[in-house]
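A quick write-up on the structure given underneath.
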Amino acid sequence: DTAVLVLIRRILEPAGYEVDVAESGAEGILRFRRFPPDLVLLDISMPGMDGFDVCARLKNLNDDGEQQDMHRQTSATNKVQGQKATPVLFLTQYGNAEFVRRAAQVGASGYILKPINQAAVLARLAQFLPQRNSELEIQAIPKQRARLRKKRSLGGDRDSEENPDL
(Lines give C-alpha, C1' and ligand atoms only; values in the text may rest on other atoms or scores of the structure.)
Protein backbone atom coordinates (compact mmCIF):
# COMPACT_ATOMS: atom_id res chain seq x y z
CA ASP A 1 0.00 0.00 0.00
CA THR A 2 1.59 3.25 -1.17
CA ALA A 3 -0.05 5.27 1.61
CA VAL A 4 1.61 3.08 4.25
CA LEU A 5 5.01 3.46 2.55
CA VAL A 6 4.65 7.25 2.51
CA LEU A 7 3.54 7.33 6.16
CA ILE A 8 6.44 5.14 7.31
CA ARG A 9 8.90 7.37 5.46
CA ARG A 10 7.33 10.49 7.02
CA ILE A 11 7.71 8.99 10.48
CA LEU A 12 11.20 7.55 10.20
CA GLU A 13 13.23 10.01 8.14
CA PRO A 14 12.68 13.03 10.46
CA ALA A 15 13.68 10.75 13.35
CA GLY A 16 17.05 10.20 11.67
CA TYR A 17 16.45 6.79 10.11
CA GLU A 18 17.51 5.98 6.57
CA VAL A 19 14.55 4.43 4.77
CA ASP A 20 14.74 2.18 1.72
CA VAL A 21 11.34 1.27 0.32
CA ALA A 22 10.41 -1.74 -1.81
CA GLU A 23 6.99 -1.98 -3.42
CA SER A 24 6.87 -5.78 -3.60
CA GLY A 25 8.22 -8.76 -1.73
CA ALA A 26 10.54 -9.75 -4.58
CA GLU A 27 11.97 -6.22 -4.76
CA GLY A 28 12.43 -6.22 -0.98
CA ILE A 29 14.42 -9.45 -1.08
CA LEU A 30 16.68 -8.09 -3.84
CA ARG A 31 17.33 -4.89 -1.89
CA PHE A 32 17.99 -6.90 1.27
CA ARG A 33 20.59 -9.01 -0.54
CA ARG A 34 22.39 -5.94 -1.93
CA PHE A 35 22.31 -3.76 1.18
CA PRO A 36 21.22 -5.65 4.31
CA PRO A 37 19.38 -3.24 6.61
CA ASP A 38 19.47 -3.02 10.40
CA LEU A 39 15.73 -3.79 10.52
CA VAL A 40 12.93 -4.77 8.12
CA LEU A 41 9.33 -3.57 8.28
CA LEU A 42 6.97 -5.81 6.28
CA ASP A 43 3.31 -5.51 5.45
CA ILE A 44 1.37 -8.77 5.29
CA SER A 45 -0.43 -7.90 2.04
CA MET A 46 1.95 -7.17 -0.83
CA PRO A 47 1.94 -7.77 -4.56
CA GLY A 48 3.31 -11.16 -5.54
CA MET A 49 4.17 -12.89 -2.30
CA ASP A 50 2.80 -12.07 1.13
CA GLY A 51 4.82 -10.83 4.09
CA PHE A 52 5.04 -14.29 5.65
CA ASP A 53 6.76 -15.66 2.52
CA VAL A 54 9.13 -12.69 2.34
CA CYS A 55 10.07 -13.03 6.01
CA ALA A 56 10.75 -16.77 5.65
CA ARG A 57 12.97 -16.12 2.62
CA LEU A 58 14.88 -13.32 4.35
CA LYS A 59 15.51 -15.50 7.39
CA ASN A 60 16.72 -18.29 5.09
CA LEU A 61 19.49 -16.18 3.52
CA ASN A 62 23.06 -16.89 4.53
CA ASP A 63 25.64 -14.16 5.11
CA ASP A 64 26.38 -14.04 1.37
CA GLY A 65 22.72 -13.37 0.50
CA GLU A 66 22.16 -16.85 -0.95
CA GLN A 67 19.32 -19.21 -0.03
CA GLN A 68 20.29 -22.01 2.34
CA ASP A 69 18.88 -25.48 2.72
CA MET A 70 16.17 -24.99 5.36
CA HIS A 71 16.42 -28.61 6.50
CA ARG A 72 20.03 -28.12 7.64
CA GLN A 73 19.39 -25.04 9.77
CA THR A 74 18.72 -24.96 13.47
CA SER A 75 17.06 -22.22 15.45
CA ALA A 76 20.38 -21.60 17.25
CA THR A 77 22.23 -20.79 14.01
CA ASN A 78 19.27 -18.68 12.93
CA LYS A 79 19.86 -16.29 15.82
CA VAL A 80 23.59 -15.77 15.52
CA GLN A 81 24.48 -15.60 11.84
CA GLY A 82 24.64 -12.24 10.06
CA GLN A 83 21.47 -11.54 8.11
CA LYS A 84 19.41 -14.04 10.06
CA ALA A 85 19.75 -11.79 13.08
CA THR A 86 18.15 -8.83 11.26
CA PRO A 87 14.89 -8.06 13.08
CA VAL A 88 11.75 -8.30 10.94
CA LEU A 89 8.63 -6.51 12.17
CA PHE A 90 5.24 -6.88 10.52
CA LEU A 91 2.89 -3.96 9.96
CA THR A 92 -0.56 -5.49 10.34
CA GLN A 93 -4.13 -5.00 11.32
CA TYR A 94 -4.17 -8.53 12.73
CA GLY A 95 -3.11 -9.33 16.27
CA ASN A 96 -4.92 -12.62 16.74
CA ALA A 97 -3.34 -15.89 17.87
CA GLU A 98 -3.14 -17.34 14.34
CA PHE A 99 -1.25 -14.30 13.03
CA VAL A 100 1.16 -14.35 16.00
CA ARG A 101 1.77 -18.08 15.50
CA ARG A 102 2.49 -17.69 11.76
CA ALA A 103 4.72 -14.65 12.31
CA ALA A 104 6.79 -16.52 14.90
CA GLN A 105 6.95 -19.59 12.65
CA VAL A 106 8.58 -17.61 9.80
CA GLY A 107 11.04 -15.86 12.14
CA ALA A 108 9.45 -12.44 12.68
CA SER A 109 10.70 -10.50 15.68
CA GLY A 110 7.36 -8.83 16.32
CA TYR A 111 4.69 -6.63 14.84
CA ILE A 112 3.22 -3.14 14.86
CA LEU A 113 -0.55 -2.85 14.69
CA LYS A 114 -2.35 -0.66 12.17
CA PRO A 115 -3.52 2.03 12.12
CA ILE A 116 0.08 3.19 12.29
CA ASN A 117 0.90 5.47 15.19
CA GLN A 118 4.16 7.47 15.12
CA ALA A 119 4.95 6.99 18.81
CA ALA A 120 4.31 3.24 18.62
CA VAL A 121 6.52 2.83 15.53
CA LEU A 122 9.43 4.77 17.02
CA ALA A 123 9.14 2.97 20.38
CA ARG A 124 9.09 -0.42 18.68
CA LEU A 125 12.14 0.37 16.57
CA ALA A 126 13.99 1.57 19.67
CA GLN A 127 13.45 -1.89 21.18
CA PHE A 128 15.19 -3.59 18.28
CA LEU A 129 17.82 -0.96 17.56
CA PRO A 130 19.12 -0.01 21.03
CA GLN A 131 22.57 0.85 19.70
CA ARG A 132 20.92 3.52 17.53
CA ASN A 133 19.72 5.30 20.67
CA SER A 134 23.29 5.32 22.01
CA GLU A 135 24.62 6.72 18.72
CA LEU A 136 22.10 9.56 18.86
CA GLU A 137 23.11 10.41 22.42
CA ILE A 138 26.78 10.46 21.43
CA GLN A 139 26.03 12.66 18.41
CA ALA A 140 24.45 15.23 20.70
CA ILE A 141 27.88 16.23 22.08
CA PRO A 142 30.32 16.06 19.15
CA LYS A 143 31.46 19.68 19.39
CA GLN A 144 32.31 19.28 23.08
CA ARG A 145 34.32 16.13 22.32
CA ALA A 146 36.14 17.86 19.47
CA ARG A 147 37.06 20.80 21.73
CA LEU A 148 38.45 18.46 24.36
CA ARG A 149 40.49 16.55 21.78
CA LYS A 150 41.89 19.83 20.46
CA LYS A 151 42.86 20.95 23.96
CA ARG A 152 44.58 17.63 24.62
CA SER A 153 46.60 17.93 21.41
CA LEU A 154 47.66 21.45 22.40
CA GLY A 155 48.99 20.37 25.77
CA GLY A 156 45.96 19.10 27.63
CA ASP A 157 43.77 20.59 30.30
CA ARG A 158 42.50 19.51 33.69
CA ASP A 159 39.11 18.37 32.40
CA SER A 160 40.61 15.98 29.86
CA GLU A 161 42.96 14.57 32.50
CA GLU A 162 40.07 13.97 34.91
CA ASN A 163 37.86 12.46 32.16
CA PRO A 164 40.17 10.39 29.97
CA ASP A 165 37.20 8.85 28.09
CA LEU A 166 36.12 12.21 26.64
Open item on the list: For the CZ atom of Phe128 and the CG atom of Leu89, what is their distance to the nearest 0.5 Å?
Closed with: 5.0 Å
TODO: State, without any angle test, whether Gln105 and Arg102 hold a side-chain donor-acceptor pair at a distance under 3.5 Å.
DONE: no
- [ ] Tell me whether Leu91 is reachable from Val21 by hopping between hydrophobic residues (I, L, V, M, F, W, Y) whose side-chain heavy atoms are closer than 4.5 Å.
- [x] yes
Task: Contact summary for Ala22 and Arg31, nearest pair of heavy atoms - done: CB-CD, 3.9 Å
Open item on the list: Less than 4.5 Å apart, side chain to side chain, heavy atoms only: is that true for Glu13 and Glu18?
Closed with: no
- [ ] Check Leu58 against Phe32 and note the closest heavy-atom contact, atom names and distance.
- [x] CD2-CG, 3.5 Å
Task: Heavy-atom closest pair, residues Ala15 and Leu122 - done: CB-CD2, 3.8 Å
Task: Parallel, tilted or perpendicular, as decided by the 30° and 60° cut-offs, for the rings of Phe99 and Tyr94 - done: tilted
Open item on the list: Enumerate the side-chain hydrogen bond (donor to acceptor under 3.5 Å, both in side chains) contacts for residues 107-122, please, sequence neighbours excluded, ordered by first and then second residue.
Closed with: Asp43-Lys114
Open item on the list: Determine whether a donor-acceptor pair (N or O, by modelled atom type, separation under 3.5 Å) exists between the side chain of Lys59 and the backbone of Thr86.
Closed with: yes
TODO: Evaluate whether atom CD of Glu23 has more than 12 neighbouring non-hydrogen atoms of other residues, nucleotides or ligands under 6.0 angstrom away.
DONE: no
Open item on the list: With side chain to side chain contact (heavy atoms under 4.5 Å, CB included) as the test, pick out the partner of Ile8 among Leu5, Leu12, Val6.
Closed with: Leu12
TODO: For atom CZ of Arg10, decide whether the heavy atoms of other residues, nucleotides or ligands shown that lie under 6.0 angstrom number more than 12.
DONE: no
TODO: Any chance you could measure Arg9, atom CZ, to Tyr17, atom OH, to the nearest 0.5 Å?
DONE: 15.5 Å
Open item on the list: Testing the basics here: between Val40 and Leu42, what is the closest heavy-atom pair and its distance to 0.1 Å?
Closed with: CG1-CG, 3.9 Å
Task: Separation between CD of Gln93 and CG of Leu113, rounded to the nearest 0.5 Å - done: 9.5 Å
TODO: Answer whether the closest heavy-atom distance between the side chains of Val88 and Leu41 falls below 4.5 Å.
DONE: no
- [ ] Work out which heavy atom in Ala108 is nearest to a heavy atom in Phe90; give both atom names and the distance.
- [x] CB-CE1, 3.4 Å
- [ ] Could you check Arg57 against Val106 for side chain to side chain contact (heavy atoms under 4.5 Å, CB included), going step by step and ending with a plain yes or no?
- [x] CA-CA 9 Å; Arg57 289 180 188 206; Val106 296; over 6 Å; no
Task: Closest approach of Pro47 to Ser24 (non-hydrogen atoms, all atoms of both residues) - done: O-CB, 4.0 Å
